[in-house]
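Only heavy atoms go into these numbers, but all of them, side chains included; no hydrogens, no water, no symmetry mates. Letters A, B, ... mirror the listed sequences (proteins, then strands); counts begin at 1.
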Amino acid sequence: MQRIRVKTALASDAPMDFIRIQGWVRTRRDSKGFSFLEINDGSCLKNIQVIIDQDTPAFADLKDIQTGASIEVSGALMESPGKGQRWEIKARDLKLFGAADPESYPLQKKRHSDEFLRTTAHLRARTNKYGALFRIRSESAFSVHQYFRDKGFIYLNSPIITGSDCEGAGELFRVTTLPVNLPHTESKTDIFQDDFFGKEAGLTVSGQLEAELFACALGNVYTFGPTFRAENSNTPRHAAEFWMIEPEMAFADLSDNMDLAEDLVKHMTRHVVEQCSEDLELFARFVDKDLMKHVEMVLNSTYERIPYAEAIDILKKSGKFFEFPVDFGVDLQTEHERYLCETHFQKPVIVYDYPKAIKAFYMRLNDDNDTVAAMDLLVPRVGELVGGSQREERYDVLKRRILESGMDPADYWWYLDIRRYGTVYHSGFGLGFERFLMMVTGVTNIRDIIPFPRTPKHLEF
RNA sequence: UCCCCGGUAGCUCAAUCGGCAGAGCGGGUGGCUGUUAACCACUAGGUUCGAGGUUCAAGUCCUCGCCGGGGAGCCA
């Protein structure tokens with residue numbers, strides 16, 4: 001007989017003469033003559049309570065069944081006479097698969113700190129909080145695919161290994177099969193001629209450039225995959241390996257781009273609220289008391305859209321002291337972003353039309369010749385959730401911008417080529433998947449959002 | 001990478017002015033006929049992150065190192 005998942009059992013509308021569940025013991029309570037077990041199998045936040053009477057065969061097998069043990073319970077699903085749960089299992093037989101020595105099993109029947117659980121990442125998904133979190137992560141990923149499929153976007157698997165070494169989005173991890181003890185006598189170019197690809201290779205920092213190529217063929221596309229940045233940044237919002245969602249649309253301008261970003265964020269948030277209400281409730285109760293207020297705000301507000309120049313104006317007139325002075329031409333600091341969305345507008349804000357000097361070469365130059373059609377979506381407490389732009393579709397302008405950025409147009413011949421043949425105005429953005437999850441759960445450290453986070457000096461598990 | 005804070009029992013923390021290293025939870029043992037963060041009693045458990053220094057005396061003060069957290073930069 002197939003096991004029944006705890007989620008299904010708890011949703012039953014009638015008692016069952018026979019039921020078999022398999023999972024891990026969360027807690028055991030003994031009284032004289034009987035014991036209670038609570039079993040969790042990861043299917044939902046709730047445990048199912050099992051009662052074992054001393055006159056059943058199961059009672060004799062209780063000995064090594066303690067917190068953390070993996071077991072199978074066979075018995076009857078009955079209405080629980082106790083308070084706190086509708087259903088419980090009256091056990092007939094117990095089968096122990098693997099015991100968990102209570103002296104050394106790291107997870108106790110008590111709250112653990114996130115810092116401690118990070119050192120126990122191979123087991124932390126067995127806790128209420130992390131189980132809930134990773135179910136929400138899974139549902140959120142599904143909602144991305146659902147959203148784009150419904151909108152007629154094509155899912156593109158952009159390459160993980162890249163040969164373009166300066167996409168302008170951060171430091172690359174090098175990919176090589178060369179021996180580590182290579183003598184340093186040869187020049188750099190010579191070395192990579194002998195490497196696997198015959199040229200310097202790295203892990204992708206963005207799928208955007210490839211997504212643009214496909215958008216200019218299939219119309220609307222998106223990527224959703226891992227992204228790697230070799231930056232030595234040590235903050236609760238950065239990881240060396242994270243997941244990014246990058247839609248790219250042909251025949252779309254910056255305004256269309258903002259519409260899509262706002263709509264996508266709302267869709268994903270709504271999906272989590274509707275499909276993960278029980279798991280989300282845990283975060284609203286224990287992680288962030290104001291969570292639902294913020295989620296409502298993300299769902300129901302119209303996001304403010306202001307040009308960069310206006311943002312600077314607001315900040316200057318705010319009368320607030322900033323550690324980093326505000327001035328046109330200077331990029332917004334974290335404190336500025338927070339003031340805009342947390343204090344001034346108190347809702348998500350899209351800042352657009354940034355000075356070209358502080359943005360990437362591929363962003364479309366505006367008619368003022370001074371700003372580019374870039375946009376950042378800022379949300380309270382998380383900061384920049386989305387960064388995107390209308391792309392420069394004019395061959396000559398793009399080539400000039402590449403040169404001005406100190407790069408070699410020859411390295412981007414294919415990127416320039418789609419501007420030579422049937423070029424089209426187009427737009428796209430990147431949405432940090434983990435940052436979305438931080439926003440929707442209230443978890444403040446990205447290392448607690450990723451199953452096995454990779455950060456500087458951390459590559460365990 | 002820079003700045004700030006921290007590291008004491010398995011976990012979370014306390015230890016006043018430098019003066020006998022403690023509590024709660026968790027673990028073990030026993031009890032308890034419907035528990036649910038079970039309850040009650042008893043009990044074990046320490047290189048106070050490491051190395052050096054000051055002192056009659058260091059968890060506490062000083063130096064260096066390691067690790068962790070927060071802030072900044074960069075960005076998703």
Trainee: Test side-chain hydrogen bond (donor to acceptor under 3.5 Å, both in side chains) on A:Tyr354 and A:Asp331 and set out the steps.
Mentor: CA-CA 8 Å; A:Tyr354 283 81; A:Asp331 207 358; 5.5 Å; no
Trainee: Which nucleotide, in any strand shown, forms a Watson-Crick or G-U wobble pair with B:rU1, with both distances under 3.5 Å?
Mentor: B:rA72
Trainee: Considering only the C1' atoms, how many Å lie between B:rC64 and B:rG18, rounded to the nearest integer?
Mentor: 22 Å
Trainee: Could you check how far CZ of A:Arg28 sits from P of B:rC32, rounded to whole Å?
Mentor: 16 Å
Trainee: Taking B:rG27 as the reference, what is the distance to B:rA44 when you measure between their C1' atoms (whole Å, please)?
Mentor: 9 Å
Trainee: Measure the distance from CD1 on A:Ile450 to C1' on B:rA76 and round it to the nearest whole Å.
Mentor: 11 Å
Trainee: Would you indicate whether the side-chain heavy atoms of A:Pro380 and A:Glu342 approach each other to under 4.5 Å?
Mentor: yes
Trainee: Which of residues 44-52 of chain A have a heavy atom under 4.0 Å from RNA chain B?
Mentor: A:Gln49, A:Ile51
Trainee: Mind checking the C1' distance from B:rC11 to B:rA37? Whole angstroms is fine.
Mentor: 14 Å
Trainee: Without hydrogens or angle criteria, can the side chains of A:His458 and A:Thr455 be said to hold a donor-acceptor pair below 3.5 Å?
Mentor: no
Trainee: In whole angstroms, how far is the C1' atom of B:rA76 from the CZ atom of A:Phe433?
Mentor: 13 Å
Trainee: To the nearest angstrom, how far is A:Met244 atom CE from B:rC74 atom P?
Mentor: 18 Å
Trainee: Counting Watson-Crick and G-U wobble pairs only, both distances under 3.5 Å, name the nucleotide matched with B:rG18, or none.
Mentor: none
Trainee: Determine the contact category for A:Ser113: base if any of its heavy atoms lies under 4.0 Å from a base atom, sugar-phosphate if only primed atoms, P, OP1 or OP2 are that close, otherwise nothing.
Mentor: sugar-phosphate
Trainee: Using the P atom on both, measure B:rC13 against B:rU29 and round to a whole Å.
Mentor: 29 Å
Trainee: When all nucleic acid strands are considered with a 4.0 Å heavy-atom cut-off, which category describes A:Phe242: base, sugar-phosphate, or nothing?
Mentor: base
Trainee: Atom pairs under 3.5 Å, N or O on each side, protein against nucleotides 28-31 of chain B: can you list them with distances?
Mentor:
{"unit_1": "B:rG28", "atom_1": "OP1", "unit_2": "A:Gln66", "atom_2": "NE2", "d": "2.9"}

Trainee: Heavy-atom distance under 4.5 Å between the side chains of A:Ile402 and A:Tyr362, does that happen here?
Mentor: no
Trainee: Scan side-chain atoms only and decide if A:Thr227 and A:Arg229 contain a donor-acceptor pair under the 3.5 Å cut-off.
Mentor: no
Trainee: In the structure shown, which nucleotide is the Watson-Crick or G-U wobble counterpart of B:rG6, with both distances under 3.5 Å?
Mentor: B:rC67
Trainee: So, does the side chain of A:Arg29 form a donor-acceptor pair with the base of B:rC32 at under 3.5 Å?
Mentor: no
Trainee: Please classify the nucleic acid contact of A:Lys109 as base, sugar-phosphate, or nothing, using heavy-atom distances under 4.0 Å.
Mentor: sugar-phosphate
Trainee: Just checking A:Tyr222 against A:His145, ring centres under 6.0 Å apart?
Mentor: yes
Trainee: Please classify the nucleic acid contact of A:Ser80 as base, sugar-phosphate, or nothing, using heavy-atom distances under 4.0 Å.
Mentor: base
Trainee: Nearest to the side chain of A:Gln108, heavy atoms from C-beta on, is which of B:rC75, B:rG34, B:rG10?
Mentor: B:rG10
Trainee: Are any non-hydrogen side-chain atoms of A:Leu37 and A:Leu62 less than 4.5 angstrom apart?
Mentor: yes
Trainee: Between P on B:rC74 and CG on A:Asp376, what's the gap in Å once rounded to a whole number?
Mentor: 12 Å
Trainee: Quote, to the nearest angstrom, the C1' distance that separates B:rG7 from B:rG65.
Mentor: 14 Å
Trainee: Taking the six-membered ring for Trp, are A:Phe34 and A:Phe36 ring centroids under 6.0 Å apart?
Mentor: yes
Trainee: What distance, rounded to whole Å, do you find between the two C1' atoms, one in B:rG46 and one in B:rA21?
Mentor: 8 Å
Trainee: Check each of A:Phe142, A:Phe436, A:Tyr147 against A:His267 using the ring pair (Phe, Tyr, Trp, His ring centres under 6.0 Å) test, and report the only one that passes.
Mentor: A:Tyr147
Trainee: Is there side-chain contact between A:Glu72 and A:Phe97, with heavy atoms separated by less than 4.5 Å?
Mentor: yes
Trainee: For B:rC42, which nucleotide is its Watson-Crick or G-U wobble mate, given both distances must be under 3.5 Å?
Mentor: B:rG28
Trainee: Under 3.5 Å, is there a donor-acceptor pair linking the side chains of A:Glu246 and A:Ser206?
Mentor: yes
Trainee: For A:Gly82, which contact category applies under a 4.0 Å heavy-atom criterion: base, sugar-phosphate, or nothing?
Mentor: base
Trainee: Which whole number of Å gives the distance between the P atom of B:rC49 and that of B:rC3?
Mentor: 24 Å
Trainee: Could you state the NZ-P distance from A:Lys110 to B:rG27, rounded to the nearest angstrom?
Mentor: 11 Å
Trainee: In B/S/- notation, 5' to 3', how is nucleotides 66-73 of chain B contacted by protein heavy atoms closer than 4.0 Å?
Mentor: --SSSSBB
Trainee: More 5' along RNA chain B: A:Asp53 or A:Pro106, using each one's nearest nucleotide?
Mentor: A:Pro106
Trainee: Determine the Euclidean distance between corresponding C1' atoms of B:rG19 and B:rA15; express it in Å to zero decimal places.
Mentor: 12 Å
Trainee: Would you say the side chain of A:His426 lies within less than 4.5 Å of the side chain of A:Cys216, judging by non-hydrogen atoms?
Mentor: yes
Trainee: Could you check whether the rings of A:Phe322 and A:Tyr339 sit parallel, tilted or perpendicular, using 30° and 60° as the cut-offs?
Mentor: perpendicular
Trainee: Is A:Ile245 touching bases, backbone alone, or none of the nucleic acid, heavy atoms closer than 4.0 Å?
Mentor: nothing
Trainee: Rounding to a whole Å, what distance do you find between A:Glu88:CD and B:rG34:C1'?
Mentor: 8 Å
Trainee: With hydrogens left out and only the distance checked, is there a donor-acceptor pair under 3.5 Å joining A:Glu38's side chain and the base of B:rU35?
Mentor: no
Trainee: Checking base pairs now: Watson-Crick or wobble, both atom distances under 3.5 Å. What partners B:rU55?
Mentor: none
Trainee: Students often get this wrong, so: under 4.0 angstrom with heavy atoms, is A:Phe36 touching a base, only sugar-phosphate, or nothing?
Mentor: base
Trainee: Which residue in the set A:Arg137, A:Arg237, A:Arg447, A:Arg454 passes salt bridge (Lys or Arg N to Asp or Glu O under 4.0 Å) when paired with A:Glu434?
Mentor: A:Arg137
Trainee: Could you state the atom-to-atom distance from CZ of A:Phe116 to P of B:rG26 in whole Å?
Mentor: 15 Å
Trainee: In the structure I gave you, are the side-chain heavy atoms of A:Phe224 and A:Tyr155 within less than 4.5 Å of one another anywhere?
Mentor: yes
